[in-house]
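These notes concern the structure reproduced below.
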Amino acid sequence: MRRALGVLAALVLLGGVTYALIPDDGTDPKKPVTVTGLIGSEKRAFFESPEVKAELAKQGLEVHTDSTGSWTMSEQAGNSSVLDFAFPASTAPAREIQRNWGQQDSPLVPFYSPLVVVAHAPVAQILKDNKLAAQDADSGVWTFKMDEYVKDLRANSKWQDLAKTEGHGELSGPIFVTATDPESSSSGALYIALLSFVLNNDLVVSDDAGVDAARTVLHRATALQGGQKSSSDEPFRDFLAGVGNPLIFGYESQVAAMAVQGQPTGDMVVMYPDTTAYSDHTIIARTENGRKLAGLLQNDEALRALEVRFGFRPQASSGAFADRVKDIRQPVFAQDLNAAKVKQSPVPSLDNLLKLTAAAKGSPK
């Protein structure tokens with residue numbers, strides 16, 4: 001017994017010595033690691049959600065974000081040495097950020113959202129009556145006819161030129177879709193990319209000749225809007241408030257988040273351009289903690305469920321969005337974009353997209 005007690009005392013003493021040899025660096029192993037990054041405004045509500053914060057904390061991360069336009073993000077990220085990640089709304093500004101950070105790897109795309117045209121039901125019906133929109137009789141999904149819209153842009157058509165607009169005083173002047181500033185916002189740049197694709201006979205613009213051929217219509221589509229917002233949530237808030245243009249170009253996720261969370265959407269109609277662009281939300285990880293966040297957003301099942309709750313379509317769980325929206329009848333969402341006959345437009349190279357954006361803003365050749 002005396003010998004056993006001696007061994008036990010020695011072990012206790014050794015443990016104390018071992019503990020004393022561990023350096024105290026002031027960190028708490030249970031405290032989440034702070035991760036800092038830039039995000040597009042369309043993801044602000046997701047990262048500010050208490051549920052998302054709690055799930056990330058379970059995984060050891062406390063994420064701090066600043067929101068900005070995706071193209072503005074490129075400049076800010078290039079001037080910062082403290083960011084762990086940047087999370088723009090599409091691949092083009094992501095590639096620019098990679099250039100600035102000197103990275104060559106393939107970044108993750110945890111989720112995506114098709115770009116849509118949003119209108120109130122009476123306006124959507126007028127577009128349908130004038131062959132600018134259609135509604136599938138079985139699914140109820142609406143599509144926006146891009147070829148017809150481009151014809152109206154070329155002709156500088158006015159709402160008064162359409163049939164059945166009597167009694168709609170809000171429908172006056174030229175027909176155009178409001179988008180964000182393509183020089184600062186991803187959705188605005190993708191709108192220009194989409195228009196250029198349709199103008200180029202459904203071919204991606206790949207040279208200066210294609211840029212010049214699209215220049216006049218792109219500039220008209222932009223100039224008609226007057227002052228453009230720098231982030232996608234601003235025109236959407238205006239639309240919800242009943243002010244501004246009757247047609248806005250934005251993310252499906254903006255409307256889907258409201259519907260999934262049970263918020264009132266009124267008579268809002270989501271129209272999928274029959275040729276549209278997908279917003280591939282692309283995260284550029286600059287540090288190991290940034291890479292951990294990217295992996296969690298891609299692979300963590302609880303976070304993927306929350307991504308759907310905020311209107312996004314997870315890449316790694318293709319049916320999750322469809323399952324969540326299948327019973328929502330106002331507005332109607334496309335569960336399967338292929339079945340809805342919605343084609344995806346390729347995005348031009350970064351250099352050509354910048355040239356198209358400059359043309360849209362009226363810059364000289």
Side-chain angles (χ1 to χ4, degrees), residues 39-59 61 63 65 85 87-91 94 106-116 118 136 138-143 186-187 190 232-233 236 250-263 265 268-273 276-283 285 291-344:
I39 60 171
S41 62
E42 71 289 332
K43 293 184 283 289
R44 182 190 300 132
F46 174 81
F47 279 102
E48 290 180 351
S49 161
E51 295 89 346
V52 172
K53 287 178 178 291
E55 183 58 31
L56 289 170
K58 287 181 186 177
Q59 305 297 333
L61 298 182
V63 180
T65 62
F85 70 95
F87 203 175
S90 65
T91 55
S106 297
L108 292 180
V109 182
F111 47 79
Y112 68 98
S113 183
L115 284 148
V116 298
V118 182
D136 184 80
D138 295 324
S139 67
V141 172
W142 284 80
T143 50
S186 178
S187 59
L190 289 174
S232 58
D233 62 339
F236 188 65
Y251 300 105
E252 174 195 58
S253 59
Q254 292 174 288
V255 187
M258 295 178 64
V260 168
Q261 294 175 33
Q263 300 175 34
T265 56
M268 198 182 306
V269 172
V270 173
M271 295 183 288
Y272 296 85
T276 192
Y278 290 4
S279 175
D280 292 326
H281 295 272
T282 307
I283 183 166
R291 284 185 280 277
K292 180 178 179 180
L293 172 63
L296 289 172
L297 292 172
Q298 177 97 348
N299 301 313
D300 184 271
E301 187 174 350
L303 285 172
R304 288 204 303 261
L306 288 166
E307 289 160 11
V308 173
R309 185 169 183 269
F310 283 87
F312 301 111
R313 296 179 182 242
Q315 290 277 17
S317 184
S318 58
F321 179 87
D323 289 343
R324 195 69 186 266
V325 302
K326 64 184 179 182
D327 296 324
I328 297 174
R329 306 314 301 167
Q330 179 56 46
V332 177
F333 299 96
Q335 297 175 47
D336 184 334
L337 294 166
N338 291 325
K341 298 179 181 178
V342 173
K343 297 183 298 182
Q344 183 177 5

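Of all the heavy atoms in P331 and V269, the pair that sits closest is CB-CA, 4.4 Å. Here the closest non-hydrogen pair linking P114 and R313 is CD-NE, 3.8 Å. Closest of all the heavy-atom pairs between Q298 and V109 is OE1-O, 3.3 Å. A pairwise comparison of heavy atoms in V141 and A340 identifies CG1-CB, 4.3 Å as the closest pair. The minimum heavy-atom distance linking V52 with F310 is given by the pair CG2-CE1, 4.5 Å. Of all heavy-atom pairs between V332 and S139, the closest is CG1-O, 3.5 Å.
In this structure, OG1 in T143 is found 10.0 Å from NZ in K341, a value given to the nearest 0.5 Å. If you take CD on E48 and OG1 on T65, they are separated by 6.5 Å, rounding to the nearest 0.5 Å. Rounding to the nearest 0.5 Å places CD1 of I283 at 11.0 Å from CZ of R291. Rounding to the nearest 0.5 angstrom, the gap separating the CD atom in Q315 from the CG atom in N299 is 12.0 Å. The distance from atom CG of L115 to atom CD of E252, rounded to the nearest 0.5 Å, is 9.5 Å. F46 contributes atom CZ, which lies 5.5 Å from atom CG of L297 (distance to the nearest 0.5 angstrom).
For the ring pair (Phe, Tyr, Trp, His ring centres under 6.0 Å) test with H281, the passing option among F85, F312, Y112 is F312; the others fail.
The pair R304-E301 fails the salt-bridge criterion, with no side-chain N (NZ, NE, NH1 or NH2) lying under 4.0 Å from an Asp/Glu carboxylate O.
Under a 3.5 Å cut-off, the side chain of T265 and the backbone N or O of A259 do not form any donor-acceptor pair. For the pair S113 (side chain) and Y251 (backbone), a donor-acceptor distance under 3.5 Å is absent. A donor-acceptor pair under 3.5 Å is formed between the side chain of Q254 and the backbone N or O of S232. For Y272 (side chain) and A334 (main-chain N/O), a donor-acceptor pair under 3.5 Å exists by modelled atom type. At least one donor-acceptor pair under 3.5 Å links the side chain of Q330 to the backbone N or O of M268.
Considering only residues two or more places apart in sequence or on other chains, K326 meets the salt bridge (charged side-chain N to carboxylate O under 4.0 Å, His left out) condition with none of them. Legend: residues meeting salt bridge (charged side-chain N to carboxylate O under 4.0 Å, His left out) with R309, ordered by chain and number and at least two apart, are absent.
Counting heavy atoms from C-beta outward, D300 and K58 have side chains that stay 4.5 Å or more apart. For the pair V116 and T276, the minimum side-chain heavy-atom distance is 4.5 Å or more.
Less than 6.0 angstrom separates the ring centroid of F111 from the ring centroid of F87.
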